[in-house]
Amino acid sequence: MKKYFAPGRVNLIGEHLDYNGGTVLPVAINLGVTATVQPLQENVVVLRSNTHSFSKRIDLSDEFHFDKANDWTNYPLGIISQLKNENHAIQPCEIIFESNLPEGSGLSSSAAVEIVTAFALLSQTEKQINLPWLAVFCKQVENDFIGVKCGIMDQYAVALGKKNNALLIDCDKVNHRYIPFDIGDYRLLVMNTKKPRSLILSKYNERKQECEEALRIIHTTKSEIENLCQADMLWLNILNNEVLKRRVRHVISEQLRVNEAVKVLQHNDLSTFGRLMNASHASLKNDYEVSGMELDTLVECAQQIGGCLGARMTGAGFGGCAIALVHSSAVEELVTKVSEKYFAVTGLACEIYECKASDGVKCL
Ligand code: ADP
Ligand code: MG
């Protein structure tokens with residue numbers, strides 16, 4: 001019996017930049033999905049999860065396609081299917097998934113399941129697993145088998161996270177480097193709105209289309225850039241559409257904030273980093289318009305706590321999670337005040353978790 005673990009992730013800064021060819025700065029977190037693998041005699045794989053009653057037994061000689069009836073097992077089935085397509089040997093086994101990572105909250109539980117499945121299966125037969133390759137492989141499964149057109153950030157962070165570090169990912173060139181995120185007496189809190197994310201897919205696609213349209217217009221006079229993150233603030237008046245201007249202003253200003261964040265984190269200047277988080281939230285709220293009453297309530301309440309250096313929504317928006325960077329002595333006050341205020345305004349109970357920048361996928 002062997003055990004493997006893949007973490008969830010939060011993006012510290014650089015929101016809605018992945019599909020615009022920019023750089024993003026996520027950390028893998030200490031919450032995640034554990035897979036326990038038990039070899040079997042017959043040519044089958046059995047999939048079980050402690051968070052879902054549905055389980056599945058498949059014959060490894062069969063072919064698999066996405067099927068709604070397969071519920072959560074579509075994620076591991078997509079991985080198995082693609083491993084087979086690429087001629088990787090798969091040993092018959094039972095995989096039991098156990099998780100303390102909230103699902104469907106923007107902390108990338110789907111990527112954690114994909115990465116831990118692929119890592120666990122490959123570990124049975126192969127000595128070396130190339131992690132950047134693994135990230136791209138699992139992203140492709142999420143795009144093609146599951147049908148979610150996500151960028152590379154989630155799988156990359158889950159595979160390559162590193163304790164006390166953030167991962168600076170260049171989503172255009174698909175490479176990475178580590179940036180120190182050693183926060184000493186400060187704490188990284190993840191605040192979950194617990195709001196069902198119904199709008200998210202349509203709005204996500206709408207923003208992607210707006211960015212494509214803006215790049216098309218900018219290209220008519222500035223053909224030298226490859227993506228929107230390379231555009232200049234001075235070019236905004238090429239766009240004579242106020243909405244597109246605001247969308248592009250977010251993309252350009254957010255990329256500048258990521259660049260600045262990387263500089264200040266090298267010097268452990270958490271105060272400036274916190275201010276960049278606040279500015280990122282304001283831009284996502286006002287220019288990119290992907291926040292919402294729930295996320296704004298959590299973020300704005302957290303920002304008012306003494307000892308909180310910064311807070312922002314993280315992930316695609318419209319629900320999901322926000323993060324806050326707060327001194328350890330103010331954690332209790334933040335949790336109490338934010339929870340009370342959030343319930344009073346929304347009628348929902350939020351959840352707040354203290355998270356640490358942690359290692360990516362590993363054998364336990
Ligand atoms: P997110 O990736 O933000 O958590 P998604 O909607 O992309 O949200 O993925 C959530 C889905 O991933 C769940 O609905 C479930 O199908 C699957 N999933 C995540 N964690 C587990 C788990 N521990 N066991 C089984 N399925 C899981
Ligand atoms: Mg997901």
Side-chain angles (χ1 to χ4, degrees), residues 11-26 106 149-153 168-175 179 199-265 269 271-293 295-296 299-300 303 310-320 322-323:
N11 191 18
L12 295 178
I13 199 157
E15 217 59 78
H16 286 273
L17 295 191
D18 54 353
Y19 55 84
N20 283 308
T23 52
V24 297
L25 193 66
K149 303 294 173 205
C150 61
I152 187 66
M153 171 167 68
L168 181 70
I169 308 170
D170 182 326
C171 299
D172 185 38
K173 301 193 175 68
V174 191
N175 60 34
I179 306 296
L199 267 175
I200 189 167
L201 204 59
S202 65
K203 287 288 176 187
Y204 184 81
N205 289 334
E206 189 181 292
R207 293 295 173 275
K208 266 179 108 166
Q209 279 162 14
E210 287 167 342
C211 289
E212 280 164 21
E213 172 67 0
L215 183 61
R216 196 188 59 73
I217 297 170
I218 292 174
H219 265 160
T220 57
T221 47
K222 304 281 179 191
S223 56
E224 65 266 35
I225 60 167
E226 280 158 21
N227 58 59
L228 217 46
C229 287
Q230 295 170 348
D232 195 301
M233 270 313 176
L234 297 172
W235 304 350
L236 280 186
N237 47 15
I238 298 172
L239 302 160
N240 51 11
N241 170 320
E242 285 311 308
V243 172
L244 289 189
K245 261 187 205 172
R246 280 191 282 124
R247 303 299 185 245
V248 176
R249 190 165 60 191
H250 166 72
V251 171
I252 299 174
S253 66
E254 185 76 351
Q255 182 60 66
L256 294 173
R257 281 186 289 272
V258 174
N259 301 345
E260 187 66 21
V262 168
K263 274 191 213 148
V264 302
L265 285 177
D269 177 0
S271 304
T272 309
F273 181 70
R275 283 197 290 277
L276 292 167
M277 291 170 76
N278 292 341
S280 170
H281 185 79
S283 177
L284 288 157
K285 176 183 175 183
N286 301 319
D287 280 349
Y288 217 63
E289 296 181 284
V290 290
S291 184
M293 184 265 280
L295 284 166
D296 289 343
V299 167
E300 284 159 19
Q303 286 171 343
R312 60 181 288 272
M313 56 157 277
T314 181
F318 302 105
I323 53 173

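The chain is numbered in sequence order, starting from 1. Note that these values count all heavy atoms, side chains included, but never hydrogens, waters or copies made by symmetry.
- Between His281 and Glu15 there is no side-chain heavy-atom pair separated by less than 4.5 Å.
- One finds the CD1 atom of Ile217 at 4.0 Å from the CD atom of Glu213 (value rounded to the nearest 0.5 Å).
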Decide yes or no on side chain to side chain contact (heavy atoms under 4.5 Å, CB included) for His219 and Ile225, but give the supporting numbers first.
CA-CA 8 Å; His219 265 160; Ile225 60 167; 4.0 Å; yes
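- In this structure, the side chain of Arg312 does not engage the main chain of Gly274 through any donor-acceptor pair within 3.5 Å.
- A heavy-atom distance below 4.5 Å is not found between the side chains of Val258 and Val24.
- Side-chain contact check for Asn205 and Gln209: no donor-acceptor pair (N or O, by modelled atom type) lies under 3.5 Å.
- In this structure, Asn20 and Asn227 have side chains that are not in contact, with every pair of non-hydrogen atoms separated by 4.5 Å or more.
- The environment of NZ in Lys149 is crowded: more than 12 heavy-atom neighbours from other residues, nucleotides or ligands sit within 6.0 Å.
- Applying side-chain hydrogen bond (donor to acceptor under 3.5 Å, both in side chains) to Ser253 and the options Arg249, His250, Arg257 leaves one that passes, Arg257.
- None of Arg207, Lys203, Arg246 except one satisfies the salt bridge (charged side-chain N to carboxylate O under 4.0 Å, His left out) rule with Glu289; the exception is Arg246.
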Can you list, pair by pair, the side-chain donor-acceptor contacts under 3.5 Å of residues 235-242, counting residues two or more places apart and other chains?
| residue | atom | partner | partner atom | Å |
| --- | --- | --- | --- | --- |
| Asn241 | OD1 | Val243 | N | 2.8 |
| Asn241 | OD1 | Leu244 | N | 3.0 |

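- Here Ser280 contributes atom OG and Leu256 contributes atom CG; the two are 12.0 Å apart, rounded to the nearest 0.5 Å.
- Of all the heavy atoms in Ile152 and Asp18, the pair that sits closest is N-OD2, 4.5 Å.
- At a threshold of 4.5 Å between non-hydrogen side-chain atoms, the residues Met313 and Val290 count as touching.
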